[in-house]
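Scroll down for the structure; my scribbles are underneath it.
Here is how names work: the chains are called A, B, and so on, in the same order as the sequence lines, proteins then strands, and each is numbered from 1. Please read all numbers here as calculations on a predicted model, not as lab measurements.
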2 protein chains.
Amino acid sequence: MNHKVTIADIARELNLTGATVSRALNNRKGTSEETRKMVQEVAERMNYRRDRIAWSLRSGRTNIIGVIIPSAEINFFGSVIHGIESMANQHGYNVLIYQSNEQPEYEQKGIETFLSTRVDGILASIAKETLDFSHYLEIKERGVPLVFFDRANDSLNIPSVVVDDFKGAYYATEHLIRQGYKRIAHITGQQHLKIFKDRLEGYKSALAAYGLPVEPDLIYQGNVSIEAGRQAIAHFLGLPQPPDAVFAVEDFTALGVVKELKDRGIDMPEAFGVVGFANESFDEHITPSLSSIDQQTVQMGKEAFKLLMEMINEGEEGTLVKSRVVLDPVPVYRQSSMRR
Amino acid sequence: MNHKVTIADIARELNLTGATVSRALNNRKGTSEETRKMVQEVAERMNYRRDRIAWSLRSGRTNIIGVIIPSAEINFFGSVIHGIESMANQHGYNVLIYQSNEQPEYEQKGIETFLSTRVDGILASIAKETLDFSHYLEIKERGVPLVFFDRANDSLNIPSVVVDDFKGAYYATEHLIRQGYKRIAHITGQQHLKIFKDRLEGYKSALAAYGLPVEPDLIYQGNVSIEAGRQAIAHFLGLPQPPDAVFAVEDFTALGVVKELKDRGIDMPEAFGVVGFANESFDEHITPSLSSIDQQTVQMGKEAFKLLMEMINEGEEGTLVKSRVVLDPVPVYRQSSMRR
DNA sequence: TTGAAAGCGCTAACAC
DNA sequence: GTGTTAGCGCTTTCAA
């Protein structure tokens, strides 16, 4: 019972040779209808399962893709994994995951085991700490398809799937303008991170599009945390002309804003409007519920897999697949900014 | 550059034979210190990576474990995956994930590909819809180690790692009693699910331990949702002798309770205490923050992997590993129930 | 239409 | 200490 059924076993059973059985099982041409049926029946009866290891060694493929994420505990990545796995599943691929814990050494190790496992392709989101990208370049050099998602690096010339941060910020700001807020502030994050810079640009651009001035006083540099949101409000309300709305660079900062405004008894959305970014799961449950920008995580996973698939299938020749997918973020308006 | 370096390449380079190179690389005895060094140097220089597929075919092992979860999008499972992967990583294992989407057919398919991939072991959380367990029994019959986590089935005699729901409910109820609440209600879930039944028992048991009566009126049968929480409160407050606290079977129901109490202007925790179950991420961000019972998800993943490892290592002989790990849940008390 | 043989890359048993 | 040989399970020539 415990013994694994192999092609040889089936061959013996039917007085055939392994080659024929293999052909029959894979519906290759060059086998009589008759034998094919017989073989498949017997295989079924003996509960045969093709050994993917042997198949891989022979074929040079594994039907496995490797995915490197900072941590599966972060909602965002769990969601992306969901998208990746469901697509992979549909295409007969399996997903191997590896967590970098934001550390380049782990990334490196993950890549090594992936290459060693001969995965057919790799999807990765770069660790925050990573500055040297040679391990990623090795993947490329080895000819293994690689696609970045969310955390990409433009200078490496590696295909990627990201969300349009500029646009998301533009949407958020525009929404506040249309809701009638007059002085809209922004709490930004560390400026060496591209996503935060892009969001700042989107904010500025929306203001400009509606003929509003960009006031340096209304841009607060935070460090992405609840506390930063609170501090920003303290700062803003101390201004001679305080703002009446704020677009925060991400939801935890926005949460701090909401908490601080509540503590100060300032009404949202009437007296003050707030929009965050990321559409975290707590957004809809806090009071007032928080408007935010959804980053299309599941879709991101799906697109990343699709892109990788194209690369795998096109092989060496290279019909030059689309190398950059930019997803449109989706605004989710809730109580914190909906005046009407 | 693109050509993969094999043991044969190194052997040729050094005028040795593959066997010797293999021995040297794996630090097997029976190689001179000298050759070993040379081989390892050349391997390094040529950027050799052992081919795990070939190694697996030869050794019959893969150093890969398969994990079946309902969905990676559910926080709970992302968190468990985090625990599993980090442990696996430490032990040189990789993690293949497969989502059942709560459907038995997918489970079945996942198991087939896992067996076909010759994973060294399988961790699984049973899909809600699954009634027939023959696919799980096949794993066992094939001699592949299997451990259930969270969603287990006791009648199958398969090792599992679960959290102690009874105890968690006991803690929650006891806490409310100690906070001085006099009439403590419970909102329960569908009684055909063991976890909900256990929580109900834990609730009753704590009341009994403190000499309090179990009043049927104070047990509301809900369906696990925000709405159920709201309805429960409407019901409770209509009673001749309403309760002054409620232990809800899980956090979304508790959230409904909190929302409804707020809408009715009832003060928490003074006039009414609330405790949920699961320690969802929104708990600490709502107002008042919600007391809950943490299910030790990361730890669950780690324990599940450890148990699986023991089974893998003990092999056929079977020293009979511990077959059931029951984790102690951890209460997290917040504003919704902390009177002092 | 089927069989024989080779080989994917590795390691273990046995010889020298 | 090193080489020879064989085989893990499969697929794919090439020959019959």
Side-chain angles (χ1 to χ4, degrees), chain A residues 2-40 42-43 46-64 112-113 115-120 142-143, chain B residues 2-40 42-43 46-64 112-113 115-120 142-143:
Chain A
N2 204 343
H3 171 247
K4 269 190 38 240
V5 184
T6 73
I7 282 189
D9 296 326
I10 299 175
R12 204 172 309 117
E13 187 83 3
L14 290 169
N15 267 327
L16 285 172
T17 173
T20 310
V21 173
S22 170
R23 277 187 284 252
L25 287 172
N26 295 305
N27 291 316
R28 289 267 174 291
K29 59 188 167 192
T31 4
S32 70
E33 186 65 21
E34 209 180 351
T35 36
R36 189 185 316 174
K37 259 191 192 149
M38 273 187 29
V39 168
Q40 298 191 344
V42 174
M46 297 179 77
N47 205 18
Y48 168 81
R49 303 252 175 278
R50 173 217 257 152
D51 187 317
R52 284 177 80 193
I53 300 293
W55 172 80
S56 291
L57 184 59
R58 183 63 238 248
S59 68
R61 302 182 43 210
T62 53
N63 277 12
I64 291 177
E112 292 210 359
T113 64
L115 291 178
S116 174
T117 309
R118 287 210 220 169
V119 296
D120 291 345
R142 288 238 184 180
Chain B
N2 205 343
H3 170 248
K4 269 193 34 244
V5 184
T6 72
I7 280 188
D9 296 327
I10 300 176
R12 205 173 309 117
E13 186 85 2
L14 289 169
N15 267 326
L16 286 172
T17 173
T20 309
V21 173
S22 169
R23 277 188 285 253
L25 286 172
N26 295 305
N27 290 315
R28 288 266 175 294
K29 59 188 167 191
T31 5
S32 71
E33 187 64 23
E34 209 181 352
T35 36
R36 191 185 315 176
K37 260 191 191 150
M38 276 186 29
V39 168
Q40 299 191 344
V42 175
M46 297 179 77
N47 205 18
Y48 168 82
R49 302 254 176 278
R50 174 217 255 152
D51 187 318
R52 284 177 81 194
I53 299 294
W55 173 82
S56 290
L57 185 59
R58 183 65 239 244
S59 67
R61 302 182 44 210
T62 52
N63 278 11
I64 292 177
E112 292 210 0
T113 63
L115 291 177
S116 174
T117 310
R118 287 211 221 168
V119 295
D120 291 344
R142 289 237 185 180

* Structure fact -> Rounded to whole Å, CG of A/Leu14 lies from P of C/dT2 at a distance of 11 Å
Quick check against the 3.5 Å criterion: does [X] have a side-chain atom that pairs as donor or acceptor with the backbone of [Y]?
X: A/Ser32; Y: A/Thr35; value: yes
X: A/Arg52; Y: A/Thr62; value: yes
X: A/Ser116; Y: B/Arg49; value: no
X: B/Ser56; Y: B/Arg61; value: yes
X: A/Thr6; Y: A/Ala8; value: yes

* Are A/Thr20 and C/dG3 close enough that a side-chain N or O sits under 4.0 Å from OP1 or OP2? -> yes
* Heavy atoms under 4.0 Å, any strand shown: does A/Ser56 hit a base, just sugar-phosphate, or nothing? ->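 Counting heavy atoms under 4.0 Å across all strands, no contact is made by A/Ser56.
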* Asked: Hey, does A/Ser32 reach any base, or is it just sugar-phosphate, or nothing, if we go heavy atoms under 4.0 Å?
  -> sugar-phosphate
* How large an angle, rounded to 10°, do the end axes of the helix from C/dT1-D/dA16 to C/dC16-D/dG1 enclose when each is built from five base pairs? ->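 Angle reported: 50°, given to the nearest ten degrees.
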* Partner residues of A/Arg28 under the side chain to side chain contact (heavy atoms under 4.5 Å, CB included) criterion, sequence neighbours left out ->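 Applying side chain to side chain contact (heavy atoms under 4.5 Å, CB included) to A/Arg28 gives A/Arg23, A/Asn26.
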* Measure across B/Ala11 and B/Gly18 and return the closest heavy-atom pair with its distance rounded to 0.1 Å. => CB-N, 3.9 Å
* At under 4.0 Å between heavy atoms, which parts of nucleotides 8-13 of chain C does protein reach? Answer with one letter per nucleotide, 5' to 3': B base, S sugar-phosphate only, - none. => BBBBBB
* To do: Could you walk me through whether B/Asn47 and A/Arg142 pass side chain to side chain contact (heavy atoms under 4.5 Å, CB included), step by step?
  => CA-CA 11 Å; B/Asn47 205 18; A/Arg142 288 238 184 180; 4.1 Å; yes
